[in-house]
Amino acid sequence: MSAVKINFGAGPAALPVSVTEQLALSIRNYDGSGLSVLEIPHRGKLFDAILKEANERVLQLCNLDAATYEVLWLQGGGRLQFAMIPMNFLPEAGAAGYVDSGFWSSDAMENATLWGNTINLASSKDCAYKKLPEIPERFPENLSYIHLTTNNTIYGTQWKQFFNSPVPLFADMSSDIFSERRDYGLFDLFYAVAQKNIGIAGVTLVVLKKSLLTKVVRPLNPYLSYRDHVAAHSVLNTAPVFAVYSALLMLRYISDRGIAAIEEENLQKAGLLYDTLEKSVSFELIAEKNSRSNMNVVFRGIDPETENNFKLFCDYKGIEGIEGHRRVGGFRASLYNAIRLDQVQYLANAITEFDKTRT
Ligand SMILES: Cc1ncc(COP(=O)(O)O)c(C=O)c1O
């Protein structure tokens, strides 16, 4: 059994040791308050300060201003956002455009069909999502919004460039937020589940333009309404204090390192792993080169026996969470912000060592 354990899982994903240590301390005594972070009230000044700093850091990291954008911390994961977006912004007789680059984007679109019409603007379903679909030069008229998924966690593809949208542009950034420099100002609303790049499961970050709040198309139960969440400053109901605090620690970690440095390391990590896999005699990469993700590297063994042997080899090496998503099979190494270059080097060395057992 290896003393090393590295979590390459797609989420819940690895956290930096400095963050888990701080979380452990805060469970005993939060910031000298004498209370565990698990028992501090969601409507008290301790949590107010956590929320305030988390919101400020999000806007700072996105280079967005508080006069234009709101930051929300909601429960319900990505799935609730798939539902809330059309409930709030898709009129029954209207239409929204969805870019279908994988399971999550298509699920988001399916959710929307319950509330209004959806137009599939571009899809790569025909090639099993091995590449990104081609965005059309012109969009149909009168769309209420366009939705896309910036990184396709299951298939290992990622958009690196975005466009100026003629209508509000919404994005699921769950698996690549704060992993690279990005013009967040192109988006009117974006969201990210925390358990990949910014913390633990239980909370989802939503950033949206204040101006959208005047475009809500139907009355909604408060928990499903962005307007109500904004009015309640993310504490409409009992907030997931520990999950938001975990996200704050990740935001501090990301701010301290700086997104440019994180991007640089993410490029090195992905480059190293793709190069190793390209040279490997045991594996093949699945996503097409121009579409490849820097966050999720998806590959498979050249035959079932190789796959089984590599799984056992990973267990022996302490390489965790590397199985591919059940829809695709094979393997997937998630290289989110908390994964270090030396850990990717460890995985690359393991692949090279495994190759040698075959030659
Ligand atoms: C891009 C993307 N969107 C949405 C989700 C769904 O998130 P949740 O399980 O928190 O609803 C996932 C989960 O992995 C994802 O990768």
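Whatever order the structure lists ligands and atoms in, that order sets their numbers, starting from 1. Small disclaimer: the values here were computed from a predicted structure and weren't measured.
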Quick one: do Val167 and Val216 end up in the same hydrophobic cluster if we chain Ile, Leu, Val, Met, Phe, Trp and Tyr together by side-chain heavy atoms under 4.5 Å apart?
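In one cluster: no.
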Between Arg257 and Glu265, does any NZ, NE, NH1 or NH2 come within less than 4.0 Å of an OD or OE carboxylate oxygen?
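Looking at Arg257 together with Glu265, the answer is yes, because their closest N to O distance falls below 4.0 Å.
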With the threshold set at 4.0 Å, does a side-chain nitrogen-carboxylate oxygen contact exist between Glu39 and Arg28?
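Salt bridge: no.
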List, for ligand 1, each N/O atom that has a protein N/O partner under 3.5 Å away, with both atom names and the distance.
from, atom 1, to, atom 2, distance (Å)
ligand 1, 3 (N), Asp172, OD2, 2.6
ligand 1, 10 (O), Gly78, N, 3.4
ligand 1, 10 (O), Gln195, NE2, 3.1
ligand 1, 11 (O), Gly78, N, 3.0
ligand 1, 11 (O), Arg79, N, 3.1
ligand 1, 14 (O), Lys196, NZ, 2.8
ligand 1, 16 (O), Trp104, NE1, 3.3
ligand 1, 16 (O), Thr153, OG1, 2.5

Exercise: do Asn197 and Asp176 side chains pair donor with acceptor under 3.5 Å
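Their side chains do not contain a donor-acceptor pair, so the 3.5 Å distance test is not met.
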Residue pairs passing the ring-ring contact (aromatic ring centres under 6.0 Å, His included) test where at least one lies in residues 90-121, sequence neighbours excluded:
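For residues 90-121, and leaving out neighbouring residues, the ring-ring contact (aromatic ring centres under 6.0 Å, His included) pairs sorted by first residue read Tyr98-Tyr145, Tyr98-His147.
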Mind checking whether Phe283 and Phe331 have side chains closer than 4.5 Å, heavy atoms only?
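Answer yes - side chains close enough.
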